[in-house]
Amino acid sequence: MTTTDVAASPAPLDVGRIREDFPILNQRVHGRPLVYLDSAASSQKPERVIEAVSRYYRHDHANVHRGVHALSVRATDAYEEARATVAAHIGAGDASEVVFVRGTTEAINLVASAWGPSALSEGDEILLTKMEHHSNLVPWQLLADRTGAILRFADVTPEGELDLEDLERLLGPRTRMVAVTHVSNTLGVVNPVERIAGLSHDVGALCLVDGAQAAPHLPIDVEELGCDFYAFSGHKMCGPTGIGVLWGRTELLAAMPPYQGGGEMIASVRLEGSTWAAVPHKFEAGTPHIAGAVGLGEAIRYLDDVGLDRIHAHEASLTTYAIERLDAIDGLRIYGPRHGRTGVLSFEYGDIHAHDLATILDHQGIAIRAGHHCNQPLMEHLGVTATARASLYLYNTRDEIDALIDGLRVAAEMFGGVGDAPRA
Ligand code: C6P
């Protein structure tokens, strides 16, 4: 199965049963049942993941790749098993292509810092899009400052989709890197990264995909996508915080200098100089987040057991329902396309500020995010400073969408109406 070619109608999820896996969901906030609609910021964790991390610390913890004693061997095995689980899950050719990092942000910084300086000369171009998260923008700005490279930005259409024609127009003989988000964390749109990787390679550029909002929701196969680097975070896909993945092609990783220096990443050290360990260890300086990797491995096994095709189908149906209900509210405007999207729903409601909306909803036990979502250039492009954002995951229900709609009505009543309709 490819990333976008998800099975038409897999067996439906038993969401009631799924919710029992997530202990945090069973609580009241401000006296109301918690409705958690902020998974794009960070997802909740199933008992299995909490238990795997706890079991690791209770029974197996020691430092990795160092000791010969039993606990160190067990910890090393658990850490490397997690790497193999990630590799199998994303279709990597070899586990050594999986570098553990803190998250998507660190993965992209790693590529910009380690690949960029020796690959770029003044006037070379890095092609991004206007919908990139700051994590897939600022590292390239820093690199451009260091190297004299030029940043270019593909446009976003009025419907909230990537303007592929503009991207093609901006590709040229000086393009060295195309870095694009797989799924926008504001618009929810799924970008055609397979096509973008092909177009990048046609002009001799590399393609990095920011998978932070895709890996939790879609089956990913890096070989089918054809990109060169793929970055994602554990905490958005049922895993712990502080652990994430950079996948890169072996030959590229092998050719890149280290990102940070220290223990773990060396082959030999002399006062005069050092040599580096093989990938992926060359990029994992210092004691890694072993428990985080163990938890991420378990999170991936959990998602695989439930089935990403079923998760995707559930979210698609919930998203359609949510859009129908939100669209029926006068003065409410949803950003992003109606189709080809995930359950990240950014919206504006009349002249009620997004932060006021989020606060009023919070008092009803409903957690959404408000703000610029680390997407300031996109906000500027949309002509807003902030949006309210509800984001869905496998544990959300139609009842929770109904609660959101009721909550928005309460907000409108509190403001005595919603004022001017949002900008067209
Ligand atoms: N977006 C959101 O609420 P980290 O923080 O490294 O785990 O992920 C960064 C990141 C990179 N790319 C995209 C597309 C993202 O959505 C994020 C994280 C969160 O939208 C926090 S700002």
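Order of appearance sets the numbers: ligands from 1, and atoms from 1 within every ligand.
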Look at Arg389 together with Asp38 and state whether they make a salt bridge at an N to O cut-off of under 4.0 Å. yes
Within ligand 1, which atoms have a heavy atom of Thr181 less than 4.0 Å away? 14 (C)
Going by the atom numbers of ligand 1, which of them fall below 4.0 Å from some non-hydrogen atom of Cys374? 22 (S)
Is there a side-chain contact between Leu308 and His89 (heavy atoms, below 4.5 Å)? yes
Do the non-hydrogen side-chain atoms of Leu394 and Tyr302 ever get within less than 4.5 Å of each other? yes
Establish, yes or no, whether a centroid distance under 6.0 Å links the rings of His217 and His182. no
Would Lys236 count as a contact residue for ligand 1, given that I'm defining contact as a non-hydrogen atom of the residue lying under 4.0 Å from a ligand atom? yes
What I'd like to find out is whether the side chain of Ile311 reaches to under 4.5 Å of the side chain of Val306, using heavy atoms alone. yes
Please identify which atoms of ligand 1 are closer than 4.0 Å to at least one heavy atom of Ser135. 9 (C), 11 (C)
Report yes or no: does Glu132 have a heavy atom closer than 4.0 Å to ligand 1? no
Could you work out, with ring-ring contact (aromatic ring centres under 6.0 Å, His included) as the rule, every residue matching His339, not counting sequence neighbours? none
Looking at Asp402 and Arg325, is any side-chain nitrogen of the basic one under 4.0 Å from a carboxylate oxygen of the acidic one? yes
Close-contact set for ligand 1 against Asn185 heavy atoms, below 4.0 Å: 2 (C), 16 (O), 20 (O)
Among non-hydrogen protein atoms, atom 6 (O) of ligand 1 lies closest to Thr105 OG1, 2.5 Å
Between ligand 1 and His235, can you find any atom pair, the residue atom being a heavy atom, that is separated by under 4.0 Å? yes
Nearest protein heavy atom with distance in Å, relative to atom 16 (O) of ligand 1: Gln213 NE2, 2.7 Å
For atom 7 (O) of ligand 1, state which one of Ser391, Ala41, Ser233, Ala107 supplies the nearest heavy atom. Ser233
Can you check whether Leu246 reaches Phe283 side chain to side chain, under 4.5 Å on heavy atoms? no
Is it true that Phe22 and Tyr36 have ring centroids separated by less than 6.0 Å? no
Tell me: protein heavy atom nearest atom 15 (C) of ligand 1, and distance? His133 CD2, 3.3 Å
Which residue owns the protein heavy atom closest to atom 2 (C) of ligand 1, what's the atom, and how far is it? Arg369 NH1, 3.0 Å
For Asp210, is the nearest heavy atom under 4.0 Å from an atom of ligand 1? yes
